[in-house]
Number of protein chains: 2
Amino acid sequence: MPERGRPRTFDRAAALRRAMEVFWAKGYEGASLSDLTAAMGINSPSLYAAFGSKEALFLEATELYTRVEGTEIWSALEKAPTARQAIEWFLRQTAKAYSQTGRPQGCLIALGALHQDSSCGAICDDLRRRRAENREALLRRLERGVAEGELPADFDCGTAATFYATVQHGMSIQARDGASRSALLETVAGAMAAWIAMAGTGAA
Amino acid sequence: MPERGRPRTFDRAAALRRAMEVFWAKGYEGASLSDLTAAMGINSPSLYAAFGSKEALFLEATELYTRVEGTEIWSALEKAPTARQAIEWFLRQTAKAYSQTGRPQGCLIALGALHQDSSCGAICDDLRRRRAENREALLRRLERGVAEGELPADFDCGTAATFYATVQHGMSIQARDGASRSALLETVAGAMAAWIAMAGTGAA
DNA sequence: TCCTTTCTGTATTGATCGATACATAATTCA
DNA sequence: TGAATTATGTATCGATCAATACAGAAAGGA
């Protein structure tokens, strides 16, 4: 069923990816329509026809970010054979992703919109929800470790999930400050040192 | 030597404090001149006469924040008898400060301006410098712990300072997400668990 | 009292914000 | 081929941005 009317002359998916990069680098409020249209290679009427509004474009961009940029970080959680390795791989992939050159540093979900009082309530709510989901994913993996007997029954999964999620948020700010990969890995080393004490299981 | 000309009719220090609270809640770019003048109870010409520009006002506000709001957090570093207690008090004071009601949550220095690409280069540089100073303060306290024999000679002060500074940054985002004090203290507990492994000294 | 200096309030500046009106171009359907 | 539909480019909308011009008010110095 071919579409009616004049066909679109730009690649919607490619334009969305460019928009994601602009939001990633500048945040929701810091990214102006001029920034977006310039990066996307289109005029504002095309943007509004294809995406609806700046807010809707941002929500699509974060969805793309979650689906594309976060896969290596979060798939590590599932692939790792133990909870301990899951957390360590998760943090190491974070350090790697946050220090890659040629793209914005840190995480769009963590840094995209932190000041609720502005006119971006829905944006802040969406990012907050995604951050909460990240903690939930950590929590589930830790609880699996308890269920499988890797971790003691009294292991405090909630505390550990909160802690590691918070460490990852901090790494976004660290990365924005220009931290090298080795500096980010120092944070990982510190966070994994906590594991030893929390789980009572040594060995590196 | 009395001042020439018509005297100012508002309290400059009180107005600066109001401005600090607005920047704290909304960030540098999110705080408009209208927001600022409304909170300060003055008109924009008075703001410019007294502070110079929005940028200069922000720099004064961060200086005030560092001097007033951070004292309990950073004085804990010096007062604590051991490096271990210094870090723990530092984190506990952070959890307490970041979860106080009736004021913005999280840290102005950590959250005030994270997107450099905007037109706020000097602002971002100033905040980044202050964040680096915070890590340096942690580093000095840890090195003192080594010098005093509390910590082993091969204790990696740099890694630990980076780690704890990053945890504090993460706690700002956690606080912005509405985390309760007990949730922030979970992060503190996780971070202090790392101490046991890093320093090789147990006991709570 | 008059002059100088500084602050205050009103009104406004040019620039930029997010979002659209409108005419034209390009396609499908009948 | 003509009508309907959708996209594009130009040009612009009212609102808001940070920052000021200007005239009047309130002080000290002469």
Side-chain angles (χ1 to χ4, degrees), chain A residues 1-16 18-20 22-23 25-61 112-113 115 117-124 126, chain B residues 1-16 18-20 22-23 25-61 112-113 115 117-124 126:
Chain A
M1 187 193 300
E3 301 157 10
R4 297 280 301 265
R6 178 176 178 174
R8 188 177 285 128
T9 58
F10 64 93
D11 183 337
R12 190 183 190 280
L16 177 59
R18 298 292 186 85
M20 178 193 77
V22 173
F23 282 129
K26 303 194 170 193
Y28 176 70
E29 295 197 311
S32 70
L33 260 290
S34 301
D35 294 330
L36 291 164
T37 55
M40 299 164 83
I42 60 177
N43 296 113
S44 52
S46 297
L47 187 155
Y48 280 88
F51 299 100
S53 67
K54 184 187 177 185
E55 183 169 306
L57 176 61
F58 183 85
L59 295 175
E60 268 201 67
H115 303 291
D117 283 325
S118 307
S119 56
C120 60
I123 299 296
C124 287
D126 181 72
Chain B
M1 189 194 299
E3 300 156 11
R4 297 282 301 265
R6 178 176 178 174
R8 187 176 286 128
T9 58
F10 64 93
D11 183 337
R12 190 184 190 279
L16 176 60
R18 298 290 184 86
M20 178 193 78
V22 173
F23 282 130
K26 302 195 171 191
Y28 176 71
E29 295 196 311
S32 71
L33 260 289
S34 301
D35 294 329
L36 291 165
T37 54
M40 299 164 82
I42 60 177
N43 296 112
S44 51
S46 297
L47 187 155
Y48 280 88
F51 299 99
S53 68
K54 183 186 178 186
E55 184 170 306
L57 176 61
F58 183 85
L59 295 176
E60 269 200 68
H115 303 291
D117 283 326
S118 307
S119 57
C120 60
I123 299 297
C124 288
D126 181 70

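If you're wondering where the values come from, they're calculated on a predicted model, not measured in any experiment. Numbered from 1 within each chain, the chains take letters A, B, ... in sequence-line order.
Under the salt bridge (Lys or Arg N to Asp or Glu O under 4.0 Å) criterion, B:Arg8 pairs with no residue, sequence neighbours left out. In this structure A:Arg6 satisfies the salt bridge (Lys or Arg N to Asp or Glu O under 4.0 Å) test with no other residue, sequence neighbours excluded.
As a whole-Å value, the separation of B:Phe58 CZ from D:dA18 P is 13 Å. The distance from atom CG of B:Leu57 to atom P of D:dA19 is 10 Å, rounded to the nearest whole Å. As rounded to whole Å, 5 Å separates atom C1' of C:dC29 from atom CZ of A:Arg4. For the pair B:Leu33 CG and C:dT12 C1', the computed distance is 14 Å after rounding to whole Å. Rounded to whole Å, atom C1' of D:dT6 lies 9 Å from atom CZ of A:Arg6. Here D:dA25 presents its C1' atom at 16 Å from CZ of B:Phe10, a figure rounded to the nearest Å.
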Between B:Arg12 and B:Phe51, does the side-chain contact (heavy atoms from CB on, under 4.5 Å) criterion hold? Intermediate values first, please. CA-CA 9 Å; B:Arg12 190 184 190 279; B:Phe51 299 99; 3.3 Å; yes
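Contacts classified as salt bridge (Lys or Arg N to Asp or Glu O under 4.0 Å) and involving residues 36-52 of chain B (residues at least two apart or in different chains) are not found.
Cation-pi geometry between A:Lys54 and A:Tyr28 is met: the NZ or CZ atom falls under 6.0 Å from the ring centre, inside 45° of the normal.
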Could you list the donor-acceptor pairs under 3.5 angstrom formed between side-chain atoms of residues 30-43 of chain B and any protein atom two or more places apart in sequence or on another chain?
unit_1	atom_1	unit_2	atom_2	d
B:Ser32	OG	B:Ser34	N	3.4
B:Ser32	OG	B:Asp35	N	3.1
B:Ser32	OG	B:Asp35	OD2	3.1
B:Asp35	OD1	B:Lys26	NZ	3.4
B:Asp35	OD2	B:Lys26	NZ	3.3
B:Asp35	OD2	B:Ser32	N	3.1
B:Thr37	OG1	B:Leu33	O	2.9
B:Thr37	OG1	B:Ser34	O	3.3

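The phosphate of C:dC7 has neither OP1 nor OP2 within less than 4.0 Å of any side-chain N or O from B:Thr9. The side chain of B:Arg8 places an N or O atom within less than 4.0 Å of a non-bridging phosphate oxygen (OP1 or OP2) of C:dC7.
Listed by residue number, A:Ser44, A:Pro45, A:Tyr48, A:Lys54 are the residues of residues 35-54 of chain A with a heavy-atom contact under 4.0 Å to DNA chain C.
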